[in-house]
Amino acid sequence: MSNDAKATSTRRPGRPKAGSEDKKARILSEALTLFSTQGYVATSLADIARASDISKAGLLHHYSAKDQLLAAVLDERDRRIVSQLPRPEDGAEAALDAWVDMVAHNQRHPDGVALYTAMSAAVIDSKHQAHPWFREHLFGAISYLVEAFEHGKTTGEVREDAPSEQIARRLVALSDGLQVQWLCSRADGGRTLNMHEVMAGVAVDMKERWLIRSE
């Protein structure tokens with residue numbers, strides 16, 4: 001049986017027939033799972049098509065290459081997270097609270113964390129399929145936090161001497177480092193690190209250090 005035939009005949013138990021939900025959403029969901037569990041290199045478009053319950057030709061209609069699909073998966077993951085963030089104009093405290101909530105969200109979605117961490121090697125290779133996404137992702141995360149803290153200075157929420165860029169880079173570095181530790185603790189099967197708890201504690205410390213509280 002051909003790969004295309006397998007793709008159209010294999011469906012997970014209890015799943016609806018292809019076409020009854022948005023096909024692109026299903027492709028992205030299955031690609032995220034397979035890239036996270038099997039690795040990007042070991043996952044073929046035929047694997048993703050089969051898991052998505054469509055033909056490979058049907059998948060290629062939406063995504064013409066695997067690197068294009070990877071970029072779409074990463075973009076969708078970021079889009080969902082960013083859509084939940086308050087505007088930088090809402091201030092530093094709102095941004096810190098949202099950052100803690102984001103870590104809690106990531107802790108509930110291990111597939112996304114696994115893919116992000118597995119693909120992080122792309123930062124050292126400008127030719128890697130995911131390198132442009134990582135560059136924009138890191139720049140966007142740092143810029144968001146810097147803008148929130150700088151805006152807080154204009155409203156009297158944040159101390160004037162707060163090093164906005166250093167604070168932003170520390171938060172991003174901590175988030176990424178916690179994800180590595182969390183995945184390691186999950187893989188070892190022992191006591192699992194609580195990323196949300198750690199980040200919440202850091203956010204409290206930052207608020208006490210840099211935010212101006214009215215008496």
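Predicted, not measured: the structure shown is a model, and the values here were computed from it.
Every residue two or more places apart in sequence or in another chain that forms a side chain to side chain contact (heavy atoms under 4.5 Å, CB included) with D90 is listed here: P86, R87, A94. A search for side chain to side chain donor-acceptor pair (under 3.5 Å) contacts involving Q179 returns N106, not counting sequence neighbours. Remark: D97 pairs with K207 by the side chain to side chain donor-acceptor pair (under 3.5 Å) rule, at least two apart or across chains. Remark: H137 pairs with Y116, W133 by the ring pair (Phe, Tyr, Trp, His ring centres under 6.0 Å) rule, at least two apart or across chains. With sequence neighbours left out, the side chain to side chain donor-acceptor pair (under 3.5 Å) criterion links S120 to no other residue. Partners of Y40 according to the ring pair (Phe, Tyr, Trp, His ring centres under 6.0 Å) rule, which considers only residues two or more places apart in sequence or in another chain, are F35. Qualifying ring pair (Phe, Tyr, Trp, His ring centres under 6.0 Å) partners for H105, counting only residues two or more places apart in sequence or in other chains: H109. Residues passing the side chain to side chain donor-acceptor pair (under 3.5 Å) test with R80 are E76, sequence neighbours excluded.
Residue E197 places its CD atom among 12 or fewer non-hydrogen atoms of other residues, nucleotides or ligands, all under 6.0 Å distant.
Ion pair R26/E30 not flagged as a salt bridge, since none of the NZ, NE, NH1 or NH2 atoms sits closer than 4.0 Å to an Asp/Glu carboxylate oxygen. A salt bridge does not link D22 with K24: none of the charged nitrogens is closer than 4.0 Å to a carboxylate oxygen.
Sorted by first and then second residue, the salt bridge (Lys or Arg N to Asp or Glu O under 4.0 Å) pairs with a member in residues 36-48 read D47-R50; sequence neighbours excluded. Applying the ring pair (Phe, Tyr, Trp, His ring centres under 6.0 Å) test to residues at least two apart or on different chains, none of the pairs has a partner in residues 59-82. Within the structure, ring pair (Phe, Tyr, Trp, His ring centres under 6.0 Å) contacts touching residues 150-195 (residues at least two apart or in different chains) do not occur. Residue pairs meeting the salt bridge (Lys or Arg N to Asp or Glu O under 4.0 Å) criterion with at least one member in residues 116-127: none, sequence neighbours excluded.
Residue S44 holds its OG atom at 7.0 Å from NZ of K66, rounded to the nearest 0.5 Å. With values rounded to the nearest 0.5 angstrom, M102 atom CE is found 12.0 Å from Q107 atom CD. From L34, atom CG reaches atom CD1 of I48 across 6.0 Å, with rounding to the nearest 0.5 Å. Annotation: the span from L59 atom CG to L69 atom CG amounts to 6.0 Å, rounded to 0.5 Å. Atom CG of residue L96 and atom CG of residue D205 lie 11.0 Å apart, to the nearest 0.5 angstrom. Residue R79 holds its CZ atom at 13.5 Å from CG of L74, rounded to the nearest 0.5 Å.
A donor-acceptor pair is defined here as one N or O able to donate and one able to accept, closer than 3.5 Å; no such pair exists between the side chain of S64 and the backbone of L60. Within the 3.5 Å criterion, the main-chain N or O of R186 finds no donor-acceptor partner in the side chain of T192.
Residues M119 and V180 are members of separate hydrophobic clusters, defined by side-chain heavy-atom contacts under 4.5 angstrom among Ile, Leu, Val, Met, Phe, Trp and Tyr. A continuous path of ILVMFWY side-chain contacts below 4.5 Å connects L178 to V123, so both sit in one hydrophobic cluster.
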Problem set entry | salt bridge (charged side-chain N to carboxylate O under 4.0 Å, His left out) assessment of R170 paired with E165 | CA-CA 9 Å; R170 287 171 188 169; E165 184 174 343; over 6 Å; no
Problem set entry | Step-by-step side-chain contact (heavy atoms from CB on, under 4.5 Å) determination, V172 to L145 | CA-CA 9 Å; V172 173; L145 291 166; 4.2 Å; yes
